[in-house]
Structures are given as C-alpha cells and as structure tokens.
**Student:** 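Quick one: the structure is below, questions incoming.
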Amino acid sequence: MGKLIDGKKFADNLCNKIADEVTKLKHKNITPGLAVVRIEGDPASAIYVNMKAKKTKEVGMHSAPKILDKNTSQNDLLKVVEELNNDKSINGILVQLPLPKQINTDSVINAINPDKDVDGFHAINTGRLWTNIDSLVPCTPLGCKMLLLDELKDLTGKKAIIVGRSNIVGKPMASLLISENCTVTIAHSKTENLKDEVKKSDIVIAAVGVPEMIKGSWIKPGATVIDVGINRIENGEKKLVGDVEFSEVKKIAGAITPVPGGVGPMTIACLLHNTLIATCRKNKLEIPKFF
Ligand code: NDP
C-alpha cells in the first residue's frame with residue numbers, strides 16, 4: 001500500500017515558517033500585502049478566494065480582496081490592476097481565474113507588474129522560469145515540486161510524466177522537473193497509448209480535470225503519484241475527487257497525494273511563499289529558503 005503524502009501537514013509547516021518571516025519583516029516596518037481580484041459569478045472561485053484571504057491574514061500579511069461585479073468590463077478590470085500595480089502596500093496581485101467571457105485573460109495577466117505577479121503566469125515570469133532566471137513560479141507546480149523533493153529527496157534521472165499541458169500547471173511543472181534532472185514527458189488529450197506512457201514513469205503528475213481518469217493498472221509499481229485534479233462529483237453524495245482513481249492507485253504506487261488534502265493546500269501556501277519572496281525582492285532583502 002502506497003504511503004500517503006500529507007500535503008496539508010506540509011503546507012501548514014510551510015505557512016508557519018512564512019509567518020515567522022513575516023514577523024521578522026514587521027520588525028523592519030514591512031508588511032507583505034496580497035490583493036486577490038475576483039469577478040463575481042463563479043461559486044468555486046468565491047470559495048478559493050475566501051480561503052486565500054483567510055490564510056493571508058493567518059500568516060500576518062495584509063489581505064486586500066477586490067470583488068468586482070460580474071459585468072465588469074475589460075477596461076475597468078485593467079484599471080483595477082493598474083491601481084494595484086501602483087499601490088505601495090501591495091506586493092502580490094492575483095486575478096482569480098476563470099474570468100467571464102467579456103474579459104481577455106491573457107491581456108489581464110500580462111498587465112500585472114511581473115514583480116507582483118505571485119501566480120507566476122505573466123509571460124515574463126514564464127520566460128524566466130524556462131531560462132532558469134529567478135522568477136515567481138506558478139503556485140500549484142511549485143507545491144508539487146516541494147512535495148516530490150520532500151518525498152524522494154533527489155529527482156535526478158527519474159522518468160516523469162505530466163498528464164495535462166495547461167499554462168498554469170502542466171507546462172511550468174515540466175520546466176521545474178527538467179531543472180531537477182528528470183526525463184519529462186508531457187501528455188495531453190491527443191497523446192496515443194497514454195496508459196503505456198504512464199506505466200513507464202517513476203513520477204506521475206495528473207492535471208487533467210477528468211475525475212479518476214488515471215487507473216491503478218496504468219501505474220508502475222512504486223511510482224510517486226501527485227494528483228492535482230479537483231473535481232466535484234455527485235454520486236449519491238457530493239464529493240471531491242482527483243484525476244487519479246485513488247482507491248486502486250494507492251495499492252500500486254509507492255506514494256500518493258490524496259484529494260482533498262494533497263496539492264490543494266500547497267497551492268495556497270505557495271501563493272503566500274511567492275508574496276513573501278516578492279516583498280523581499282522589492283525591499284532588497286535576502287530571500288528565505290524553505291526547501
Ligand atoms: P486545463 O483544462 O487547462 O488542462 C487540462 C489538460 O488535460 C489539457 O492539456 C488537456 O489536453 C488534458 N486532457 C484533458 N482530457 C484528457 C484526456 N482524456 N487524456 C489526456 N489528457 C487530457 O486544466 P488545468 O491545468 O487548469 O487543471 C487541471 C486539473 O487540476 C483540474 O482538475 C483543476 O481543477 C485542477 N487544479 C487544481 C489546482 C490545485 O490547487 N490543486 C490548481 C489548478 C488546477 P489538451 O491540451 O489536448 O486539451
């Protein structure tokens with residue numbers, strides 16, 4: 001039976017360390033500030049943004065949520081981003097995705113000051129990540145990397161497969177694993193023989209958005225499985241499941257993240273980590289190392 005990777009415990013520890021660093025900054029009269037912008041209309045986004053605001057306050061940072069009407073225009077949203085870019089009390093800006101149809105997501109992301117882009121989605125941060133220059137790294141892949149390093153210590157030479165090629169999870173995850181000396185395969189909906197590709201892999205990252213798609217029979221015995229998926233299903237009762245068939249995969253894997261309690265809490269902890277880093281860079285202070 002595979003070991004359960006406790007993302008919640010790891011995230012709680014990381015948040016405690018971040019809170020200690022925030023206390024030290026406050027002694028220098030610096031309080032990291034995080035603004036999360038949300039456009040009304042998506043119930044899941046409302047839950048995520050509330051969780052982010054709660055954790056931001058818990059570590060002692062300044063939380064500045066901006067909730068905008070569901071009919072907000074592209075120009076009005078860009079004005080809010082510009083105000084936050086110029087606001088000295090704000091070190092990190094996150095625009096909660098998905099955005100409504102009237103908004104061009106890429107334009108909004110790329111309007112954020114890259115130094116405040118704590119989601120790490122700006123084209124400049126993407127380029128810096130792929131060219132090994134210090135950047136703000138997308139939170140979910142960063143959290144997955146932390147869990148993998150904690151579990152396996154050294155990823156050198158491991159065969160890793162990432163199922164999913166999105167800009168926010170799959171692609172940055174590939175860059176991070178290449179930097180850790182993994183041999184990386186990125187799979188997607190057009191990949192042929194996906195099961196065989198997964199079966200060859202020592203590390204499996206599932207970021208698909210299809211409930212329990214990765215089956216136990218696909219897994220190489222002893223592999224480490226990181227399940228990024230968050231799917232709400234109704235099967236008699238409402239519940240959250242990942243992209244991995246947890247009950248079967250855990251029998252074959254060496255270690256596996258649960259859903260919930262795996263990658264999800266790491267995403268929020270890494271958002272606070274990135275806000276702390278952005279604050280230290282802005283104030284030309286040494287960047288704390290947590291892993
Ligand atoms: P996207 O929808 O942007 O991307 C999904 C990817 O999966 C695409 O590359 C798609 O391929 C691929 N895919 C879809 N169906 C299949 C299939 N049948 N076989 C192989 N590949 C397939 O999703 P995200 O990257 O944004 O999110 C992925 C999952 O992670 C979701 O469940 C989301 O809720 C969750 N998530 C969780 C987070 C957390 O904090 N834990 C944070 C972010 C996301 P193609 O490109 O060919 O269409």
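Please read all numbers here as calculations on a predicted model, not as lab measurements. Both backbone and side-chain heavy atoms feed into the values below; hydrogens, waters and symmetry mates do not. In each ligand, atom 1 is the first atom listed, and ligand 1 is the first ligand listed.
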**Student:** Please check this pair: side chain of Asp243 against backbone of Val210, looking for a donor-acceptor N/O pair closer than 3.5 Å.
**Tutor:**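 Pair found, side chain donor or acceptor close to backbone of Val210.
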**Student:** So which heavy atom in the protein is nearest atom 16 (C) of ligand 1, and how far is it from that ligand atom?
**Tutor:**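 Going atom by atom, the protein heavy atom closest to atom 16 (C) of ligand 1 ends up being Val208 CG1, 3.4 Å.
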**Student:** What atoms of ligand 1 come closer than 4.0 angstrom to any heavy atom of Val169?
**Tutor:**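 Listed by number with element, the hits are 25 (O), 43 (C).
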**Student:** Please check whether Val163 reaches ligand 1 - meaning an N/O of the residue sits under 3.5 Å from an N/O of the ligand, judged on distance alone.
**Tutor:**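 No, since none of the N or O atoms of Val163 sits under 3.5 Å from an N or O of ligand 1.
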**Student:** So which protein heavy atom does atom 11 (O) of ligand 1 come closest to, and at what separation?
**Tutor:**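 Here the closest protein heavy atom is Ser189 N, 3.2 Å.
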**Student:** Can you tell which of Leu97, Ile186, Ile168, Val228 gets a heavy atom nearest to atom 41 (N) of ligand 1?
**Tutor:**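 Looking at heavy atoms only, Val228 sits closest to atom 41 (N) of ligand 1.
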**Student:** Strictly below 4.0 Å, N to O, side chains only: are Lys200 and Asp196 in salt-bridge contact?
**Tutor:**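 Salt bridge between Lys200 and Asp196, a charged N being under 4.0 Å from a carboxylate O: no.
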**Student:** Does the Lys116 side chain pair with the main chain of Leu84, one donor and one acceptor, at a distance under 3.5 Å?
**Tutor:**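 At least one qualifying donor-acceptor pair exists.
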**Student:** Please could you name the atoms of ligand 1 that Asn231 approaches to less than 4.0 Å, counting only its heavy atoms?
**Tutor:**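 Answer, ordered by atom number: 32 (O).
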**Student:** Pick one of side chain, backbone, both or neither for how Thr140 approaches ligand 1, counting any non-hydrogen atom pair under 4.0 Å.
**Tutor:**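 For Thr140, only side-chain atoms sit under 4.0 Å from ligand 1.
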**Student:** Just jot down the ligand 1 atoms closer than 4.0 angstrom to any heavy atom of Gly164, in number order.
**Tutor:**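 Result: 6 (C), 7 (O), 9 (O).
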**Student:** If we only consider heavy atoms of Gly264, is any one of them less than 4.0 Å away from an atom in ligand 1?
**Tutor:**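 Within the 4.0 Å threshold, so yes.
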**Student:** How close does the nearest protein non-hydrogen atom get to atom 4 (O) of ligand 1, and which residue and atom is it?
**Tutor:**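 Going atom by atom, the protein heavy atom closest to atom 4 (O) of ligand 1 ends up being Ser166 CB, 3.9 Å.
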**Student:** Tell me whether ligand 1 is touched by Ala207 - counting only heavy atoms on the residue side and a distance under 4.0 Å.
**Tutor:**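 Ala207: in contact with ligand 1 (<4.0 Å).
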**Student:** I need the single residue from Asp119, Thr126, Leu176 that forms a side-chain contact (heavy atoms from CB on, under 4.5 Å) with Val137. Which is it?
**Tutor:**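 When side-chain contact (heavy atoms from CB on, under 4.5 Å) is applied between Val137 and each of Asp119, Thr126, Leu176, only Leu176 qualifies.
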**Student:** Please work out which of Arg165, Met213, Lys171, Met266 has its closest non-hydrogen atom nearest to atom 46 (O) of ligand 1.
**Tutor:**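 Shortest heavy-atom distance from atom 46 (O) of ligand 1: Arg165.
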**Student:** Can you tell me the protein heavy atom closest to atom 33 (C) of ligand 1 and the distance?
**Tutor:**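 Atom 33 (C) of ligand 1 sits closest to the protein heavy atom Ile230 N, 4.2 Å.
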**Student:** Side-chain contact test, heavy atoms from C-beta onward, threshold under 4.5 Å: evaluate it for Tyr48 versus Val36 and give yes or no.
**Tutor:**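 Contact flag for Tyr48/Val36 side chains = no.
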**Student:** In terms of residue, atom name and distance, what is the protein heavy atom nearest to atom 29 (C) of ligand 1?
**Tutor:**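 Here the nearest protein heavy atom works out to Gly209 N, 3.7 Å.
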**Student:** What closest approach, in Å, do Thr31 and Asn91 show between heavy atoms, and which atom pair accounts for it?
**Tutor:**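 Between these two residues, the closest heavy atoms are O-OD1, 3.8 Å.
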**Student:** Identify the heavy atoms of Phe246 and Pro258 that sit nearest to each other, and give their distance.
**Tutor:**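 Closest heavy-atom pair between Phe246 and Pro258: CE1-CA, 3.8 Å.
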**Student:** Using a 4.0 Å cutoff against the non-hydrogen atoms of Val263, which atoms of ligand 1 qualify?
**Tutor:**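 Every atom of ligand 1 under 4.0 Å from some heavy atom of Val263: 41 (N).
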**Student:** Does a salt bridge link Glu58 with Lys54, judged by any charged N lying under 4.0 Å from a carboxylate O?
**Tutor:**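 Salt bridge flag = yes for Lys54 with Glu58.
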**Student:** When you look at Ser73 and Asn75, which way does the side chain to side chain donor-acceptor pair (under 3.5 Å) test go after all the steps?
**Tutor:** CA-CA 5 Å; Ser73 69; Asn75 271 347; 5.7 Å; no
**Student:** Atom 21 (N) of ligand 1: which protein heavy atom is closest, and how many Å away?
**Tutor:**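 I find the closest protein heavy atom is His188 C, 3.1 Å.
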**Student:** Looking only at distances, can you tell me whether any N or O atom of Thr267, backbone or side chain, sits closer than 3.5 Å to an N or O atom of ligand 1?
**Tutor:**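 Yes, Thr267 has an N/O under 3.5 Å of an N/O on ligand 1.
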**Student:** Quick one: does Arg281's side chain get under 4.5 Å of Asp134's, heavy atoms only?
**Tutor:**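 Yes - at least one pair of side-chain heavy atoms lies under 4.5 Å apart.
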**Student:** Is the closest basic N to carboxylate O distance between Asp76 and Lys79 below 4.0 Å?
**Tutor:**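 Looking at Asp76 and Lys79, the cut-off is met.
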**Student:** Under 3.5 Å, N or O to N or O, is Val210 touching ligand 1 that way?
**Tutor:**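 No.
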